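Worksheet: the structure to be examined is printed underneath.
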Amino acid sequence: MKHIVFLEQYGSLGGGQQVLLELVRAALHTGFRATVLIPKGPCVDRLRALGAQTIVVPECRLSKGKKNIADIFRFAWYGCRTFLRHISLLRHADLIYVNGNRLSPVAMLAQLMLGRKAAYHIHLNHGGLERKLFLLALRLKSTRALVLPSEFIRRELLAADVRFDDPRVQVVPNGLDARFSDIPFQDRFTGRPLQHIGIVGRVSPEKGQDVLIPLAKHFPQLQFHVLGDAAFSSEDYYERLKREAPENVHFHGWVDDLPAKVNEIGLQVCLVPSRVKEAFSLVAVEMVALSCLVIVRKLGALEDVARELGLEMFEKDDDLKILLKNRLAKDPTWIAMGIKKSYHICVQEFSHSCFQTRLCNLFSR
């Protein structure tokens, strides 16, 4: 039985780790043995429940935001130390699969010194330094794939450097995990006034949760919800939001069972106001699968997802006030019909079974 060693940089359960769980599930289903090097956290228990071996490693801690020279040395030292500590495991791996870029040096050292094969999975719209790292990986013949979550990231990479026009650069669109399987459509509007609006996911400046504060003040009759915590981001932003938010903004913290929480709140609208170019948006797809009206910022891969699912878009923060005002004036049955159409497209294109098929095909190749 061939052996894949996955390298993951976080032990939390963010979007990248949800994809990791699906990658491991697909690898096991395809007939591989799976071992995951991962920092401690709730993701470890999920992996073990799937049947994967896990080895807990320290987390590579770098500065928030822009990196400095010290971060580069920490990054290099962390990679060398992790490689040396687990050299025996890496030596016997048939494929090393990097799901977190902070462990890329581990895979590259294994390729150069042990002759191992590797694949790299991109989850973000990375800047110039990381792109140089990906180009370095593509220069190695033992690199089998550079996996992208969306066509948007392919376009960004090609615009930056024509060398990314390589057959090993493969787009495998993200999809829903098992939690969202077989959830029927639910009409959240007919017979109910628009009342509950939320933002789901990690709380950080780039995710744009601060748009809720002026909205909550402008619409005191509505209830606004933040589902998520700071995770590996700075707590300062999260605490500032709590201090500045009016009483009709509710903070729910980390939510493990998102479908149940959405139903408990009675959430109707999900905003995705990211201020950076997202590589994909699992949250947008998940919330469409939960029958919510999803409104996204016209930026990055969010625009592609919105066009595919027929979602509403906005550009400036102030546009949201107009959008919500229009929704309040619309016939609820009309709104529900539009959401149902998006739901059916979502289930067809991004279902858990479709996502697993794409990943199984990836490993088979």
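This is a predicted model, so every value here is computed, not measured. For the numbers below, each heavy atom of this structure counts, side chains included, while hydrogens, waters and symmetry mates do not.
Aromatic ring orientation, His126 versus Phe134: perpendicular (interplanar angle above 60°, classes split at 30° and 60°). His121 and His123 have parallel rings, their planes meeting at less than 30° on a 0 to 90° scale where 60° marks the start of perpendicular.
Between Arg102 and Glu59 there is no salt bridge, since no side-chain N of the basic residue sits under 4.0 Å from a carboxylate O of the acidic one. The pair Glu239-Arg243 does not count as a salt bridge, with every side-chain nitrogen at least 4.0 angstrom from each carboxylate oxygen. Comment: Asp161 engages Arg163 in a salt bridge, judged by a side-chain N to carboxylate O separation of less than 4.0 angstrom. Between Asp317 and Arg297 there is a salt bridge, with a side-chain nitrogen of the basic residue lying less than 4.0 Å from a carboxylate oxygen of the acidic one. A salt bridge links Asp210 with Arg275: the closest approach of a Lys/Arg side-chain nitrogen to an acidic carboxylate oxygen falls below 4.0 angstrom. For Asp177 and Arg46, the salt-bridge test fails: no basic side-chain N is under 4.0 Å from an acidic carboxylate O.
Between the side chains of Arg188 and Ser291, not a single donor N or O lies within less than 3.5 Å of an accepting N or O. Between the side chains of His252 and His225, a donor-acceptor pair is found at a separation under 3.5 Å. In summary, the side chains of Glu22 and His352 do present a donor paired with an acceptor at a separation below 3.5 Å, with no hydrogens or angles considered.
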>> Evaluate Gln348 against Ile345 for side-chain contact (heavy atoms from CB on, under 4.5 Å), listing each step before the verdict.
In response: CA-CA 5 Å; Gln348 182 176 354; Ile345 298 171; 5.8 Å; no
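Lys277 NZ: 12 or fewer foreign heavy atoms inside a 6.0 Å radius. Lys242 NZ: more than 12 foreign heavy atoms inside a 6.0 Å radius.
Aromatic pair Phe363/Tyr97: centroids less than 6.0 angstrom apart.
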